[in-house]
Each structure stands twice: as structure tokens, then as C-alpha cells.
Number of protein chains: 2
Amino acid sequence: MKNISKEDYLSVIFKNQNSNGEIKSNIIAGKLSVSNAAVTDMLKKLSKDGYIIYERYKGIKLTVDGENYARNMVRRHRIWEVFLNQIVGMPWEKVHEEANKLEHSSSDDLINRLETMLDYPEYDPHGDPIPTKEGKIPKLKKHRPLSELKEGESGKVIRVNDFDEKFLGYISELGIKLQEKISVKQKRAFDKSMEVVVKGKLWNISNKLAQNVFIEVK
Amino acid sequence: MKNISKEDYLSVIFKNQNSNGEIKSNIIAGKLSVSNAAVTDMLKKLSKDGYIIYERYKGIKLTVDGENYARNMVRRHRIWEVFLNQIVGMPWEKVHEEANKLEHSSSDDLINRLETMLDYPEYDPHGDPIPTKEGKIPKLKKHRPLSELKEGESGKVIRVNDFDEKFLGYISELGIKLQEKISVKQKRAFDKSMEVVVKGKLWNISNKLAQNVFIEVK
DNA sequence: TTTTATTTTTAAGCATGCTTAAATTATTTA
DNA sequence: TAAATAATTTAAGCATGCTTAAAAATAAAA
Ligand SMILES: [Mn+2]
Ligand SMILES: [Mn+2]
Ligand SMILES: [Mn+2]
Ligand SMILES: [Mn+2]
């Protein structure tokens, strides 16, 4: 294939499909910041290429080929993230954007070499699982958004959303990182913000922020 | 800018300009494997963008902006090559093609990090000089093609052309690499092939091959 | 210098991936 | 169920980067 746009569409479909493997064209347009018309256009092409099953006004679903292609794109992306973070020393808030470009520009051979160098990591720097060459996806421990914890509860961070550099930079300042323990001291009903303790320090965080940090369920 | 095609055109112009900084549209088409019409098209755009000075049927010359942009592309390419070869362990015959893709897909920040990791290399795996961040280009020792050596002469390899994977794979089998000594035992006038000794072994090599290996002039 | 060959440009057209505006279909709400 | 709203598709158009074929300019040969 070798086509940046198509690869991006497939990744988005893969990452946002519901439990039945379906997705609305709506969502795709939003995630890719393109018009709905552009999505319809591309869906026709992906369908013709055999990557999705598509009927107008009906659902969108990846074929086996499409699923494989998309899973491999996610693999590329996350292996690059780990590599940039661990080997190159790039902070976790910058690797997502950089990986978004590199994922389209590297041979499978290179990706496999990076993976070997990294000793087959299972998770990326934000806690997302890395599909193996064979297509297996490591299990994520059960988790829920920090925003859903009640007063008095606490738990370990095991995943954070990685698409907003500012967000990641900010939570880093608060000391929030993977495996770090967070305790909820107080919740304010009026704006859903909460007081949390990280490394002995007390912070007030917004609901929006808390929705993007995920805590392991024990 | 961020435009793969334009970046490729600029690189080709930079790498193939003559001593007066000029180049024929002809050459560009050849190097990029596109039609002459495509080149004319792109020259107009590059000119409008301020990267080249261009007058129809007259010469083509990089502006200062164009020269800077192009030099930086060469820098990106060669730093990736060193990185892939030294850190990732990819053989020298594969790094050129991989770098050709990566060079368009990495931030300056990433390139600078790679350079730091590599401790500011001056030459790429094929002996080509790597422009610094400031635009300085390390001097290459005086050299000439192996094909021009006379019978009985010998010398050290200091550069090889890197664009043909097959060629590099083949000379690797002969034991030819940077810094390796090669002695010319015999030259055949009829096809310009030569008998050379590398690491004590005698090989017959074609003129075409010998034109792509460069020997230091003492 | 005149003819011939080569190089470069123009012209017309095509595929890709977008856009906005209008039309159509599906879903929700009353 | 009917009307209103939301989602999706179609239509027309634009920029980019190519193509081939024909025309024009330049360079080389006779
Ligand atoms: Mn990411
Ligand atoms: Mn990630
Ligand atoms: Mn190269
Ligand atoms: Mn090289």
C-alpha cells in the first residue's frame, strides 16, 4: 500500500471500533480532522482495496486484511514511541507526535530490529499494549478513569492518553507517571474537580484531566 | 515546508550542482526518475517559494534559503544512516533506502538528539560528510575512483557510492569497506576490468564497480 | 552558417485527498 | 406516526505531482 492517508484511516478505525468492530464515519472525521465528505470518499477507496466492508449509510468494519494492516500500524507507532523514549531519551509527551510521522516511513525490518533492541516491550510509554509481529495484543489490566474514583480511594496509574502533549507535560509536573500511586482526598460536585495526593503532595485537578488518567482496578 | 517531493528535489539539486552551483533540469529528472515536464513544473514552484533562482531555458541555482534547506536534508539523511548502522545494527547496504524515507519524517529535535547520541559523527557509513547544525561540511580527503588507479598502485577506501544496495552487498562480500586497503594487480584494456587484492585475496572487478569505490590520494 | 539533434517548456489530462454546499437517508423527539 | 434533527453521501471544485505528446529554444554537427 504505502499511503499515509489510508494508513491513518485504518489506524483510527482500528483504535475506535466498538465491541462489534463497528465505527461511525462521524468519529473518523473527528479523529482525523477532515470533513465527513472526505471520509466517505476514502471509505469507498478502502472498501475497493479490500480493507473494509462498507455499505453506504450502513456500518463500517475492517476486513481481516484491514485489521491486520491496522494492527501493524499500531504496532509500528508504539514501538517507535518506546524506542524514542527509552533509547533516544525523548520525553513521553513528545514521542506520540514524532511516532505519528515515523510510523509511515519505516520498513518492517527496521521495526523488528527496534523491537529486538528493546527486548520485546509489551507496553508503550503511556501504558498502551504493543501488538506482536504475530498479531497478539498483550492484555491490559482492568482499569478505570481517575475521574471515577471516589473520595478516599487510591490506586496505581497504568495508562494515560497520549495524544495531547500539553496534558502529558502538565501531569508530569504533578509527578504523575506510570506505576505512580494517586489518592483521592476530596471531590467537588460543582465542577467535578478533585484534590489528589501524588508523592505526598496535594494537587487540585480538573475533571477533564482526571478522565485521561487510568487507574488499575484491584 | 514539509513536502516530501520538494525536499527530494532540493536534495538532488544540492548534491548534483556543479562548481558554479548550477544544474541541468535533465539531471534532476534522471535522479528522481520523473519526466522533464514534471521537473519544469516543480522548478516553477520552488522558484515561487524562494528556494531557487530559475529562468526558463536558463540555469537553475539554489538561493541561500534553498541551500540551507537542502543541506539540512542531507544532514538528516546521513545522520539517520549512521544511526541505523551503528545503533540499530543495520548493514550499510540497507541504510540509504531506509534513510530516504526517515529523512522526511523527523523533527529537527530528533535529528539533534540522534547526533548527540552518536557523538557528532563527521561521516556517514559510506564516507560522505555530515553537515553540522550550523551548516559546516567536514572536508573530505582528496580521493579518486578506484577505476583510475594504475597497475601496481594501491590505497585506502575512503568513500563508496551508497545508492545501490546490490553494489554495496557485493563489495562487502569482497571484503571492501571504509579504510580497507586495495591493491591493483592488473588492468585489462579491453573491458577495463581489474584484478585487485583485498585482505590478501585476489578478485576480478568490473570497471563499473571500480568507478563507485573511492581511494584516498596520498 | 545552416541543418540536425538535444534539451526544455507548454498543453492537456489523470489520480489523490481534500474542501463547501446541497441532497439524501437515518434517527430522535414530540 | 409525523416532524425535526443528525448523520451521511453526492456534487462540484481546488491543489499537488505526476504523465504523454507537441512546440519552442538551445546546442552541436555538417
Ligand atoms: Mn501514541
Ligand atoms: Mn502511546
Ligand atoms: Mn544515502
Ligand atoms: Mn550514505
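In the text below, chain A, chain B and the rest are named by the order of the sequence lines, each starting its count at 1. No experiment lies behind these values; they were computed from the predicted model shown.
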**Request:** From the options A:E134, A:E115, A:E122, select the one residue that forms a salt bridge (Lys or Arg N to Asp or Glu O under 4.0 Å) with A:R75.
**Result:** A:E115

**Message:** In the structure I gave you, are the side-chain heavy atoms of A:V184 and A:K150 within less than 4.5 Å of one another anywhere?
**Reply:** no

**Message:** One thing to verify: whether B:D49 and B:K45 come together as a salt bridge, which I'm taking to mean a side-chain N less than 4.0 angstrom from a carboxylate O.
**Reply:** no

**Prompt:** Would A:H143 and A:E216 count as a side chain to side chain donor-acceptor pair (under 3.5 Å) if you check the C-alpha gap in whole Å, the side-chain angles of each, and the deciding distance to 0.1 Å?
**Reply:** CA-CA 4 Å; A:H143 61 285; A:E216 180 181 350; over 6 Å; no

**Prompt:** Between CD1 of A:I60 and CG of A:N16, what distance do you get to the nearest 0.5 Å?
**Reply:** 11.5 Å

**Request:** Determine yes or no for a side-chain-to-main-chain donor-acceptor pair under 3.5 angstrom, with B:T40 supplying the side chain and B:N36 the backbone.
**Result:** yes

**Asked** What is the distance from CD1 of A:I52 to C1' of D:dT8, rounded to the nearest Å?
**Response** 14 Å

**Prompt:** Taking atom P of C:dT8 as reference, at what distance in whole Å does atom CD of B:E22 sit?
**Reply:** 12 Å

**Separation of atom NZ in A:K24 from atom C1' in C:dA26, rounded to whole Å** = 9 Å

Pull out every protein N or O sitting under 3.5 Å from an N or O of nucleotides 22-25 of chain C, one pair per line with the distance.
unit_1 : atom_1 : unit_2 : atom_2 : d
C:dT24 : O2     : A:Y57  : OH     : 3.0

**Item:** Rounded distance (Å) that lies between atom P of C:dT9 and atom CD of B:E55
**Value:** 11 Å

**Prompt:** Which part of the nucleic acid does A:S25 contact within heavy-atom distance under 4.0 Å: base, sugar-phosphate only, or nothing?
**Reply:** sugar-phosphate

**Asked** In chain order, what residues pass the side-chain contact (heavy atoms from CB on, under 4.5 Å) check against A:Y123, with sequence neighbours excluded?
**Response** A:P129, A:P138, A:L140

**Request:** Would you kindly give the CD1-to-C1' distance between A:I27 and D:dA6, to the nearest whole Å?
**Result:** 13 Å

**Prompt:** Going 5' to 3' along nucleotides 16-21 of chain C, which nucleotides have protein heavy atoms under 4.0 Å from the base (write B), which only from the sugar-phosphate (write S), and which from neither (write -)?
**Reply:** SBBBB-

**Message:** Do B:H96 and B:E165 pair up side chain to side chain, a donor and an acceptor below 3.5 Å, judged on atom types alone?
**Reply:** no

**Asked** B:K44 NZ to C:dT10 C1': how many Å, rounded?
**Response** 7 Å

**Beyond-backbone contact of A:L168 with A:D164, side-chain heavy atoms, under 4.5 angstrom** = no

**d(CG, B:N26; P, D:dA28) in whole Å** = 12 Å

